[in-house]
Number of protein chains: 2
Amino acid sequence: MRNQSGPVVLVVDDEQAIIDLLEYNLNRDGYRVIAARDGLEALRLARRERPDLVILDLMLPGLDGLEVCRSLRRESDTPVIMLTARVEEVDRVVGLELGADDYVTKPFSVRELMARVKAVLRRTATQDLDTAVVHRNGALSVDTGAREACFEGNPLPLSRLEFDLLATLVRHAGLVLSREQLLDQAWGYDYYGGLRAVDSAVKRLRAKLQAAGGDPIVISTVRGVGYRLERL
Amino acid sequence: MRNQSGPVVLVVDDEQAIIDLLEYNLNRDGYRVIAARDGLEALRLARRERPDLVILDLMLPGLDGLEVCRSLRRESDTPVIMLTARVEEVDRVVGLELGADDYVTKPFSVRELMARVKAVLRRTATQDLDTAVVHRNGALSVDTGAREACFEGNPLPLSRLEFDLLATLVRHAGLVLSREQLLDQAWGYDYYGGLRAVDSAVKRLRAKLQAAGGDPIVISTVRGVGYRLERL
DNA sequence: GAGAATTGCCGCCAACGTGTCACAGCCGCT
DNA sequence: AGCGGCTGTGACACGTTGGCGGCAATTCTC
């Protein structure tokens with residue numbers, strides 16, 4: 001699987017069905033999952049395994065989710081996404097005050113939760129070893145930490161999307177990526193749009209690469225499949 | 001020619017009006033629709049037809065939508081979009097409605113639902129990056145990640161189909177593959193067409209292999225059976 | 001709040017890929 | 001040798017694909 005040592009997510013819920021569901025989907029996206037069924041186990045696991053993210057059900061047997069969140073906060077800055085059954089605004093405020101980075105109300109869609117997981121991890125990506133890397137490919141360098149890219153020595157004035165697209169491509173330099181894969185990686189789960197959006201973005205990216213002085217062929221089209229950043 | 005019958009969507013709802021509405025719109029977007037009016041029928045259809053996606057109303061006569069969803073989950077990876085009634089009514093089943101890839105509350109906009117259908121299917125369609133492997137057979141090398149093939153050191157300018165065909169052959173180098181098997185692997189399960197398409201594709205592939213300098217006999221014909229890539 | 005930037009989408013067009021067909025050649029069997 | 005059935009081949013037409021320019025909606029910025 002990808003990311004043998006991908007980000008580790010701790011799932012805390014007393015329903016096994018939910019743990020299974022989240023584990024399945026998180027694994028599919030390259031996360032490693034550890035699970036706890038109650039608050040005490042959660043804290044124990046968190047201390048030992050130092051997960052990159054905690055998904056925490058508010059309602060837990062024994063130690064309450066709020067308590068767990070508070071304790072987690074006290075001893076580390078691990079980001080937390082809360083699962084709550086209540087929609088009332090009160091819980092939201094309380095939850096956020098306690099330091100949850102995001103919250104999702106049940107019933108939730110897997111898509112939405114995955115989107116938030118990714119978003120939270122991106123936000124706290126400063127220490128994430130995987131994400132803060134300078135990728136180099138010939139005359140192209142992409143610094144995902146500073147979100148800066150250079151081509152032939154010239155800095156590239158890229159928009160957010162263009163940068164994410166280029167970063168995705170350079171991260172898998174030499175491989176053909178389908179439009180679906182690109183949408184998933186650069187646009188995110190929660191994108192509801194057509195595939196041709198990729199074409200447009202590639203067009204704009206190519207234009208800027210060319211304006212920076214290089215061949216426009218750095219991103220090649222693989223007809224019927226997708227795009228590939230040529231390994232230089 | 002592809003997807004004469006596009007992705008199959010199973011719509012489960014007890015209101016005929018909704019089935020009709022969704023069927024009309026899904027058809028217009030190139031999906032094939034099958035419908036069930038209650039939970040048991042849904043499960044039966046799902047098992048038999050193996051749809052690519054299920055749109056499932058939460059409130060069903062007889063077997064409940066949640067049950068159906070759970071059962072579907074248990075026996076396959078089929079993604080599910082859940083239709084639920086108004087948010088207030090959701091509260092009654094709060095915390096239980098899990099396992100759907102996405103959910104939409106009634107009344108819903110058709111546009112939005114269509115967008116989500118597309119998004120969920122796109123998400124499922126993304127295959128793993130890790131299946132990227134370089135196969136080697138004598139002077140032939142096939143890189144499924146970069147989708148590049150070389151013969152005698154010369155890169156082969158292959159089309160999508162030609163590449164997939166060659167990849168299939170090299171994956172089973174030395175074995176005879178029937179036209180049916182080749183169609184299944186390289187064209188896809190949803191291919192509608194004659195067997196002789198394989199002949200044409202093999203012809204083109206042979207021509208390109210020869211143009212790259214090698215013997216054209218690398219792919220040999222097994223009369224009455226199929227084709228085989230000789231192990232070198 | 002106006003202007004600029006971003007970004008998704010549409011329509012057009014050219015190029016490409018691919019299935020089909022008809023026909024010729026080849027193979028194996030009797 | 002002759003025959004029937006596969007298979008190779010070339011031509012062709014059709015559908016598909018992706019680049020391009022432009023537009024409109026949304027978001028950002030000052």
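In the text below, chain A, chain B and the rest are named by the order of the sequence lines, each starting its count at 1. Quantities reported herein were computed from a predicted structural model and do not represent experimental measurements.
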Q: Give, ordered by number, those residues of residues 221-232 of chain A having at least one heavy-atom distance below 4.0 Å to an atom of DNA chain C; if nothing qualifies, reply none.
A: A:R223

Q. Can you name the residues that form a side chain to side chain donor-acceptor pair (under 3.5 Å) with B:R160, not counting sequence neighbours?
A. B:D164

Q: Mind grabbing the angle between the end helix axes of the helix from C:dG1-D:dC30 to C:dT30-D:dA1? Five pairs an end, 10° rounding.
A: 40°

Q: Could I get the full list of side-chain contact (heavy atoms from CB on, under 4.5 Å) partners for A:E148, not counting sequence neighbours?
A: A:A146

Q. How long is the line joining CG of A:L165 and P of C:dG8, in whole Å?
A. 10 Å

Q) Do the side chains of A:V9 and A:P51 get nearer than 4.5 Å, heavy atoms only? A) no

Q.
If I take atom OH in residue A:Y192 and atom P in nucleotide D:dT26, what distance separates them, rounded to the nearest angstrom?
A. 18 Å

Q: Select one nucleotide: of D:dC20, C:dG8, D:dT9, the one nearest the side-chain heavy atoms of A:K203.
A: D:dC20

Q. What is the distance from CH2 of B:W187 to P of C:dT20, rounded to the nearest Å?
A. 11 Å

Q) CZ of B:R160 versus P of D:dG15: gap in Å, rounded? A) 18 Å

**Q.** Atom of B:L175, atom of B:R228 and distance for their closest heavy-atom approach
**A.** O-CG, 3.3 Å

**Q.** Spacing of A:R179 atom CZ relative to D:dG19 atom P, expressed in whole Å
**A.** 7 Å

Q: Not counting sequence neighbours, list each pair that qualifies as a salt bridge (Lys or Arg N to Asp or Glu O under 4.0 Å) and has a residue in residues 169-181 of chain B.
A: B:R179-B:D199

Q. For A:R206 and D:dG21, what is the distance between atoms CZ and P respectively, to the nearest whole Å?
A. 13 Å

**Q.** Interatomic distance where OH belongs to B:Y191 and P belongs to C:dT18 [whole Å]
**A.** 11 Å

(Q) Could you check whether the side chain of B:R204 and the base of C:dG19 have a donor-acceptor pair of N or O atoms closer than 3.5 Å, going by distance alone? (A) yes

Q. Which residues within residues 194-202 of chain B lie with some heavy atom under 4.0 Å of an atom in DNA chain D?
A. B:R196, B:D199

**Q.** For atom CG of B:D164 and atom P of C:dG19, their distance in whole Å
**A.** 12 Å

Q. Which heavy atom of A:L209 sits nearest a heavy atom of A:F151, and at what distance?
A. O-CD2, 3.6 Å

Q: Inspect the contact between B:D101 and B:R116 and indicate whether a charged nitrogen and a carboxylate oxygen are less than 4.0 angstrom apart.
A: no

